[in-house]
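Working notes for the structure below.
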Amino acid sequence: RDIYAPLANRLGIWQLKWELEDLSFRMLEPETYRRIARQLNQRRAEREAVIQSVRARLQSELDAAGIVAEISGRPKHIYSIWRKMQRKDTELDKIFDVLALRIFVNDVRDCYAALGVVHNLWPYLPQEFDDYIANPKKNLYQSLHTAVMGPGGQPVEVQIRTHEMHRHAELGVAAHWRYKEGGGSAGAFEQKVRWLRQLLDPGEPDAGEDFMERVREEILEDRVYAFSPRGDVIDLPAGATPLDFAYQVHTQVGHRCRGARVNGRIVPLGYRIRNGDQVEIITASKPAPSRDWLVPRLGFLASARNRAKVRAWFRRQDREQNRKQGREILERELSRLNLKSLPVADIAAHLKQDTPDSLYIALGTGDLTAAAVASAAHQLTAKAPPELPVRRRRRPPSSGGGDIRVRGIGDLMSNLARCCRPVPPEPILGYITVGRGVSIHRRDCRNLLRLMEQHSSRIIEVEWGDDEEARYPVELRIEAWNRDGLLRDISSVLSDENIGIVGSRSETDPRGRKAQIELSVEVPDLETLSRTLSRLERLPNIIHVRRDA
């Protein structure tokens, strides 16, 4: 019901669509299915009498008007009846297409002539009239639909179509095979086959896991329709961006995309396209996709198919170039998180890469993202074993509450060292100060290493507590080109991530217009910090963002 029936609908194979929906409905909701089927059977004799009466009268009037037509009763589609009952919040006796006839004629002119005959015979319900000949459905279905009050006040739906329209409605794309084999060409047929090939083509050998996401995008989710500058209509998934639009026009247009205008106005590449927008893509002379486009949470591409196109582009690049760029991605992420001491081999093993080189290449080709590195760092620092000698006590852990539990020394006051500002789940150690309780450092803090050489007996083992509401201070350093609203945009990102600002200091070079901003913030954990740094780097005019030591 969720895959093959919508797919048949998109291809216009109505006969298959109805059968799949009814069979699925009977299995998924057997009680509801039997109830509706029972109500239909109880009124079968009455319905058949009305249908025969309407059919005989209508055939006589069409013959009198000189219209060559065939009339048949339409099979009852129980799932469709149930959907209409749900949509209109009504009962079966208020559904007008339970009694239904189809009229088949030779051409479009006869369709409208037959419609006039039907409306002259019985009063019609204006709200139930649809002209799918002048306005075909997205799957190119065509027919006239009307509902009239037949004999005895019984509502009857009448569908009027040509024989060709009916063949297309029942068989969809399959109706065109004989025509194609004869050497002809049909634009609608080519459009459907192209869409089907794009949907089913994985694009790369290991992209099978994206199939369900592509199906959801193409046939289950809402669609957005935008216009090119030439007036062409581009069909996009809901939430699509100008980058999705560019890749939908052509893969090379997407690779070369550098900006976009929507309705004549420059917009960011993460802009969400709305129905009716006119989109113009600004391209460069050479293709140069960004690996940031592959990160779903950054919002550059809504379509899994388009992300697969970007990954395929990076796979084709030189191996050494991918290794170099992957190393730069890893070093930049660890640098901005101030985790340079974390072994690369450990990160590679955690991400199921055999060697650091394979990790670099995976990052360079886009198979792994900087977000995966941040997540791995978060988990590795949470379970990192002690690498430094610590003094252990035999007494049990303190039962006192708080954000930090200090083992073996009771309820001494503790504070986070300003030199390294540790954040959960980074591994930590404590240093017993004179008069200020226990100072908590990261295990790789330079000051802590120096203190260990001088006063090793004051080093104790500590661990993070379980308080999920706790916040930990972090120093951020931001370098940017100054502009109006810069601090407002930075504050908005921090507010969205529920990060509080404890203090701030900014300095602007009046000649270079470059701003240096230092922020003291409070974060819940390392993953939130990584996500926030990524969002800050995406702001206009931001040059660099990093966590200060």
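Treat the numbers as computed from the prediction; the structure is a model and nothing was measured.
A salt bridge does not link R332 to E328: none of the charged nitrogens lies less than 4.0 Å from a carboxylate oxygen. At a threshold of 4.0 Å, the pair R477-E479 does not count as salt-bridged, since none of the basic side-chain nitrogens sits closer than that to a carboxylate oxygen.
At least one side-chain heavy atom of L486 sits under 4.5 Å from a side-chain heavy atom of I517. Within the 4.5 Å cutoff, side-chain heavy atoms of L359 are placed close to those of L330. Using a 4.5 Å cut-off on side-chain heavy atoms (C-beta onward), I273 and V279 make contact. No side-chain heavy atom of N498 sits less than 4.5 Å from a side-chain heavy atom of T528. No side-chain heavy atom of V502 sits under 4.5 Å from any side-chain heavy atom of P473. Side chains of V267 and P242 form a contact here, defined as non-hydrogen atoms less than 4.5 Å apart. Considering only heavy atoms from C-beta on, Q353 comes within 4.5 Å of L368 through its side chain.
For I459 against L429, the heavy-atom pair with the smallest separation is CG2-CD1, 4.2 Å. Closest of all the heavy-atom pairs between V224 and G239 is CG2-N, 4.5 Å. Residues Y79 and R1 come closest through the heavy atom pair OH-CD, 3.7 Å. In this structure, F245 and A226 approach most closely via the heavy-atom pair CE1-CB, 4.0 Å. The heavy-atom pair separating A246 from V253 by the smallest distance is O-CB, 3.7 Å. E537 approaches I542 most closely through the heavy-atom pair CA-CG2, 4.0 Å.
To the nearest 0.5 Å, atom OG1 of residue T251 and atom CG of residue N306 are 8.0 Å apart. The distance from atom CD1 of I490 to atom CD1 of I478, rounded to the nearest 0.5 Å, is 4.0 Å. Taking OH of Y4 as the start and CG of L20 as the end, the distance is 10.0 Å to the nearest 0.5 Å. With rounding to the nearest 0.5 Å, the separation of OG in S491 from CG in L519 is 7.5 Å. A distance of 10.5 Å separates CZ of F227 from CG of N263, quoted to the nearest 0.5 Å. In this structure, CZ on R546 lies 10.0 Å from CG on L533, to the nearest 0.5 angstrom.
S24 contributes no side-chain N or O that, together with a main-chain N or O of E21, makes up a donor-acceptor pair within less than 3.5 Å. Using a distance-only test at 3.5 Å, with no hydrogens or angles considered, no donor-acceptor pair links the side chain of N482 to the main chain of K514. Side-chain atoms of R311 do not come within 3.5 Å of backbone N or O of L294 as any donor-acceptor pair. Checking side-chain atoms of R258 against main-chain N and O of A288 turns up a donor-acceptor pair under 3.5 Å. Remark: the backbone N or O of N541 is not paired with any side-chain donor or acceptor of R483 at under 3.5 angstrom. The closest donor-acceptor contact from the side chain of N322 to the backbone of I361 lies at 3.5 Å or more, if one exists at all.
Residue pairs satisfying the salt bridge (charged side-chain N to carboxylate O under 4.0 Å, His left out) criterion with at least one member in residues 494-504, sequence neighbours excluded, are listed as follows: D496-R535, E497-R531, E497-R535.
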Q: For V373 and I329, run side chain to side chain contact (heavy atoms under 4.5 Å, CB included): C-alpha distance rounded to whole Å, both residues' side-chain angles, the deciding distance at 0.1 Å, then the answer.
A: CA-CA 9 Å; V373 173; I329 292 171; 5.7 Å; no
(Q) Assess the residue pair R442 and L448 against the criterion (side chain to side chain contact (heavy atoms under 4.5 Å, CB included)); give the C-alpha distance rounded to whole Å, side-chain angles, the decisive distance to 0.1 Å, and a yes or no. (A) CA-CA 8 Å; R442 292 207 327 243; L448 178 66; over 6 Å; no
(Q) With side chain to side chain contact (heavy atoms under 4.5 Å, CB included) as the criterion, how do R272 and T241 come out once you've worked through the C-alpha distance, each side chain's angles and the decisive distance to 0.1 Å? (A) CA-CA 5 Å; R272 292 292 181 264; T241 67; 2.9 Å; yes
Q | Residues T532, V545; criterion side chain to side chain contact (heavy atoms under 4.5 Å, CB included); working and verdict | A | CA-CA 10 Å; T532 303; V545 183; over 6 Å; no
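A donor and an acceptor atom, one from each side chain of D489 and S492, are nowhere located under 3.5 Å apart. The closest side-chain donor-acceptor pair between D277 and Y271 falls under 3.5 angstrom.
Open room surrounds CZ on R274; 12 or fewer heavy atoms of other groups in view lie less than 6.0 Å from it.
A tilted orientation is assigned to the rings of H255 and W313, their planes being inclined by 30° to 60°.
Y247 does not carry R305 over the face of its six-membered ring by the limits of under 6.0 Å from the centre and within 45° of the normal. A cation-pi arrangement, defined by a distance under 6.0 Å to the six-membered ring centre and an angle within 45 degrees of its axis, is absent between R83 and F25.
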